[in-house]
Participant: 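I'd like to ask some things about the structure below.
By convention in this document, chain letters (A, B, ...) are assigned in the order of the sequence lines, proteins followed by strands, and residues within each chain are numbered from 1.
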There are 2 protein chains.
Amino acid sequence: MQTESVYRRLRERIVTGGYAPGERLTELSVSAVLEVSRTPVREALRRLEGDGLVRSAGRGVIVAALSGEALAHAYAVRASLEALTAETAAARQRAGRIAPADLADLTRDNTLLAEVTQAGDYDQAMLLNRRFHRRVAELAANPIALEMLDRLWDQIVVSTRASLTPPQRPDAVVAEHRLLVCAIADGEAELAGRIAAGHARATALAAEAGVPDDSGANSGATVKKGP
Amino acid sequence: MQTESVYRRLRERIVTGGYAPGERLTELSVSAVLEVSRTPVREALRRLEGDGLVRSAGRGVIVAALSGEALAHAYAVRASLEALTAETAAARQRAGRIAPADLADLTRDNTLLAEVTQAGDYDQAMLLNRRFHRRVAELAANPIALEMLDRLWDQIVVSTRASLTPPQRPDAVVAEHRLLVCAIADGEAELAGRIAAGHARATALAAEAGVPDDSGANSGATVKKGP
DNA sequence: ACAGCATACATTGCATACAAAGCATCCCTC
DNA sequence: GAGGGATGCTTTGTATGCAATGTATGCTGT
């Protein structure tokens, strides 16, 4: 299925920053590069549009970037949803429905995260961080919440790299993760929810501080072409 | 743009129950009925798939229905997101950023809702109820949360009709709405969030009680064709 | 009569052709 | 020299044709 392949390749490249926000994608150019006809490209672009990763802008689509304001909104939603999943995960743990191995995975991911941030490998840290949070969400066993968080993370994941750059923030992230794991392991639902929400909010602040300066001014309209 | 038209018409019909859950839609049949070619139909179906309103099932797509379990998950997410929007709306009210007219609209919608439920017009009540909740979400001025709630409501709206059928439930709904409006009007953020979440949870229970019985067993696989 | 295989049909996936629409550019006129 | 209009090109929207695939049905053999 070529549509699927095109979709995945474009999506991968967008969420990793391979396409600059505001960059224009035309059906023809994409189909030429990926060597398929326009039909599967069209469908892939439509799906990406549904995901909020590109948006139609007159002629064709441009890759979307969340403005500073929109990013804040996204983090607010993330805080809310991750509070839910953390809470649910803790409740499930209390009910004995969480396998100990899953909890161990969480701890292991966080330890790995500590190591790579120590080494200054922020790209790897970004990935591990996302994996950690996804694992927590999985423990809630709520497919709808999980899917929404997946979509949301696709949109904010670029900014999470920036959120690691302020000094001491990586250590704080690891510490907060550890707290979260403990709360879940103890089955403290409300506490876990609060920690998750607090962590997301702290990350939002760090992301805002971490990005050099263009916070919000550039909604993707100005990036056209090099001189 | 025919794609848009096809998408909207199919979506409208699905969320209002015009297509039975599990019913099969083929590109050809839809394109014949709506008198367009397969191309715009394809795109519309893909968008609906992204919305979770249909899902591909081997040959073509079938209109999706949330199982009882999935519905519970959806309501959990709804509770979380509506807590967020209610909380944010109240905070904005406290900051003086809400127009009094918007608050009045809320009250008016709720009064209307009381009237039509009194009259037993559940179809109208379903619509007004959704409008009320959407208005609250709009007051939060968070486009991302708003869009997620829109998508979520498309999936659960059918069940909200059932949630009104248990005796006394309509009165409780109106009363809970009134409480919510008061909390927002008073700028009581945390209280508003709690009321919204509690209301969503109560609605979930009522929906479960309101639907005759097939709760969960039928995930849409069995409805094929009449005898 | 039942099981297995082959064939025919329904349906999707992809490509290509065609039409329409928007935008930029260039020329002509004032 | 500047402004307006016409023309041409780029790009999307829609239709249709063709190939591939999976399913159902019917036939044949045991």
Participant: Can you tell me how far apart OG (S80(B)) and OH (Y75(B)) are? Round to the nearest 0.5 Å.
Facilitator: 15.5 Å
Participant: When you check the gap from the basic side-chain N to the acidic O, do E12(A) and R8(A) get nearer than 4.0 Å?
Facilitator: no
Participant: Rounded to whole Å, how long is the line connecting atom CG of L34(B) with atom P of dT14(D)?
Facilitator: 13 Å
Participant: Taking atom C1' of dC18(C) as reference, at what distance in whole Å does atom CD of Q2(B) sit?
Facilitator: 14 Å
Participant: Could you state the CZ-P distance from R38(A) to dT10(D), rounded to the nearest angstrom?
Facilitator: 14 Å
Participant: Kindly say if R42(A) contacts the phosphate of dG13(D), meaning a side-chain N or O under 4.0 Å from OP1 or OP2.
Facilitator: yes
Participant: Salt-bridged, E43(B) to R47(B), with N to O below 4.0 Å?
Facilitator: no
Participant: Is the count of non-hydrogen atoms from other residues, nucleotides or ligands lying under 6.0 Å from R108(A) atom CZ greater than 12?
Facilitator: yes
Participant: The side chain of R59(A) lies closest to which of these nucleotides: dG13(D), dT14(D), dT11(D)?
Facilitator: dT11(D)
Participant: Looking only at the side chain of S37(A) (C-beta and beyond, no hydrogens), which of the listed nucleotides dG13(D), dT16(C), dT11(C) gets closest?
Facilitator: dT16(C)
Participant: Atom CD of E35(B) and atom P of dT16(D): how far apart are they, to the nearest Å?
Facilitator: 13 Å
Participant: Send over the distance from L45(A) CG to dT11(D) P, rounded to a whole Å.
Facilitator: 13 Å
Participant: Looking at dA15(D), dG13(C), dG13(D), which one has an atom nearest to any side-chain atom of V36(B)?
Facilitator: dA15(D)
Participant: Less than 4.0 angstrom between a side-chain N/O of T39(B) and OP1 or OP2 of dT16(D), yes or no?
Facilitator: no
Participant: Taking CD from E43(A) and P from dA15(C), how many angstroms apart are they, rounded to a whole number?
Facilitator: 11 Å
Participant: Which pair of heavy atoms, one from L180(B) and one from A192(B), lies closest together, and at what distance?
Facilitator: CD1-O, 3.5 Å
Participant: Given dG13(D), is OP1 or OP2 found less than 4.0 Å from the side-chain N or O atoms of R46(A)?
Facilitator: yes
Participant: Nearest-Å distance, CD (E4(B)) to P (dT14(D))?
Facilitator: 10 Å
Participant: Provide, to the nearest angstrom, the distance between the CG atom belonging to L28(A) and the P atom belonging to dG13(D).
Facilitator: 13 Å
Participant: Counting only side-chain heavy atoms from C-beta out, which of dT12(D), dA15(C), dG13(C) sits nearest to P40(A)?
Facilitator: dA15(C)
